[in-house]
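Read the structure below first, then the notes.
We count ligands from 1, going down the list as the structure has it; atoms in each ligand are counted the same way. Scope of the values below: all heavy atoms of this structure, side chains included, with no hydrogens, waters or symmetry mates. Residue numbers count from 1 along this sequence.
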Amino acid sequence: MTTGPTWQQRADVVVIGTGVGGLAAARAAHRAGSDVVVLSKSAAGSAATATHYAQGGIAVVLPDTDDSVAAHVADTMAAGGGLCDRDAVTSIVADGYRAVADLAGAGAVFDQGSDGTWALTREGGHSRRRIIHAGGDATGAEVQRALDHAATVLDVRGGHVVLQVLRDTDHVTGVLVANGDGIGVIHAPSVVLATGGLGHLYRATTNPGGATGDGVALALWAGATVSDLEFIQFHPTMLFSGGSAGGGRRPLITEAVRGEGARLIDARGASITEGVHPMGDLAPRDVVAGAIDARLRQTGDPCVYLDARGIDGFEERFPTVTAACRHAGIDPVRQPIPVVPGAHYSCGGIVTDVAGRTDLAGLFAAGEVGRTGMHGANRLASNSLLEGLVVGARAGAEAATHAIAVGRVQSRASDAVGRPILPRRILQDAMSRDASVVRDAAGLARLQDVLASAEVGPVADRADVEDAALTLTATVVAAAASARTESRGCHHRSEYPGADPARARSSTLVLRDGVVVLETPAGVAS
Ligand code: SIN
């Protein structure tokens with residue numbers, strides 16, 4: 001079934017992923033003197049990362065403004081539905097300005113107001129304007145450009161697919177990798193997972209094609225713990241396109257459009273959020289996505305609309321959104337934009353501390369794949385680039401320190417192993433039907449039956465590892481969502497419409513003998 005490793009290399013630190021978390025980690029490890037290898041499964045370079053597609057911006061408390069770390073922490077905790085870790089939020093938010101200033105020092109150019117200071121916009125759940133942006137609505141592209149430029153001194157390799165994180169009894173020893181030369185091993189005492197999200201669990205998502213849950217699966221296969229994976233955030237405004245063109249990656253319409261005054265309406269012109277939340281169209285994301293989903297169920301319409309016709313200078317402020325709309329045949333200056341909620345961000349992931357350390361020595365995680373406790377049950381808009389920058393840099397520095405402490409490691413020769421794999425279309429259909437914005441016990445049980453029909457197959461290339469990762473990640477999402485018999489943050493159960501105070505804690509899951517085990521259940525109900 002498999003061939004053994006055909007090549008071998010050594011590094012101090014292997015970083016998997018080239019978005020904000022990965023490149024921040026790689027830069028920090030390199031600065032600390034480590035021999036760093038950065039791997040990307042994509043041959044397409046940085047246009048393949050979720051970072052590249054981020055529009056709205058980076059939430060950050062700037063000095064000498066009316067904002068404060070305490071206010072940003074309070075907004076983050078309010079959005080997070082009771083599951084944020086206050087210490088983690090405070091640590092990351094307080095380090096935000098330093099991290100952003102470092103990125104600007106590396107060449108990132110943020111939009112400025114007429115007084116020459118960084119321009120600030122607002123998004124859902126923020127009590128004030130604190131989002132810096134670039135190129136209007138092309139913040140991620142600018143962040144990626146600056147990080148790519150800084151990474152030219154690093155050893156970055158495209159077309160390298162990690163099949164397995166290798167370990168001995170108690171620590172990481174390297175990675176098993178497929179590339180154009182076959183399957184090989186990179187021996188390394190420190191591995192940083194920065195593989196991004198899992199939006200392709202669903203038929204339609206704002207995420208790029210590589211967002212297939214690889215890091216969550218690699219961590220579980222290696223024996224690490226994951227948490228909060230039932231909390232998959234649906235962005236309220238993904239561009240709607242009916243028919244077969246509606247699947248795969250779909251353009252995002254940034255929340256900043258609402259921050260600048262656009263209104264969400266249904267086909268009859270009625271407000272979607274009036275009476276739902278005091279912040280109206282700028283309520284936290286879970287509230288707005290839930291309100292849209294409810295309106296669509298009530299009316300049977302295929303989409304709602306974002307009316308941005310009143311925004312002066314729309315094309316200049318939102319060039320990315322304008323181009324995406326026009327590509328789809330919609331003129332956002334003259335027409336309301338058709339939108340639906342779309343799978344956007346995993347609030348949960350691999351359990352780490354605020355320095356990216358997992359519970360397996362030598363394994364680190366940063367960015368969307370990690371779960372620091374920053375996002376709780378629902379991430380506050382534009383907190384993700386912030387977390388990726390801060391935790392990525394810390395994880396890289398920690399990985400370098402760990403590599404020095406451990407010294408040379410040797411992975412035992414390993415074959416690529418077989419894993420349960422469900423055909424992607426079947427998996428995406430089942431997840432879209434049964435684990436979307438609103439869930440219930442019957443749907444989740446049906447989903448678990450579908451997932452149980454996965455058959456073990458070889459994992460030797462990118463398609464195999466993605467499909468195996470999607471299958472395991474979906475299994476974890478289904479288990480966590482079934483166990484959480486309440487509605488909290490972006491997890492909505494139709495038969496349990498309210499939050500249950502007895503369940504205000506995170507679930508943690510591990511893989512034991514190939515079986516997903518809910519180690520800490522969501523609640524303590526007696
Ligand atoms: C957006 O621009 O609306 C997305 C920002 C985010 O996901 O944080």
Handout entry: A256-ligand 1 polar pair, N/O distance under 3.5 Å
Key = no

Handout entry: Polar atom proximity, E255 to ligand 1 (N or O, under 3.5 Å)
Key = yes

Practice task
Mark up the atoms of ligand 1 that fall under 4.0 Å of a heavy atom belonging to R379, in ascending order.
Solution key: 6 (C), 7 (O), 8 (O)

Practice task
Report yes if some heavy atom in the side chain of E260 is under 4.5 Å from a heavy atom in the side chain of F314; otherwise report no.
Solution key: no

Exercise for the section: Mark the output for Q233 as yes if a heavy-atom distance to ligand 1 is under 4.0 Å, and as no if none is. Expected result: no

Handout entry: Ring-ring centroid check F240 Y305, cutoff 6.0 Å
Key = no

Completion exercise
atom 4 (C) of ligand 1 has as its nearest protein heavy atom R285 NH2, 3.5 Å

Completion exercise
The atoms of ligand 1 lying under 4.0 Å from a heavy atom of A381, numbered in the order shown, are 8 (O)

Practice task
Carefully, step by step, assess H375 and Y345 under the rule ring pair (Phe, Tyr, Trp, His ring centres under 6.0 Å).
Solution key: CA-CA 10 Å; H375 309 309; Y345 194 87; 5.5 Å; yes

Problem - Nearest-0.5 Å distance, CG of residue L198 to CD1 of residue I232 - result: 5.0 Å

Handout entry: Interatomic spacing from CE in M279 to OG1 in T273 - rounded to 0.5 Å
Key = 11.5 Å

Handout entry: Charged N-O contact under 4.0 Å between E230 and R484
Key = yes

Handout entry: Where ligand 1 meets E123 - atom numbers and elements under 4.0 angstrom, heavy-atom basis
Key = 1 (C), 2 (O), 3 (O), 5 (C)

Fill in the blank from the handout: Of all protein heavy atoms, the one nearest atom 2 (O) of ligand 1 is T254 OG1, 2.6 Å

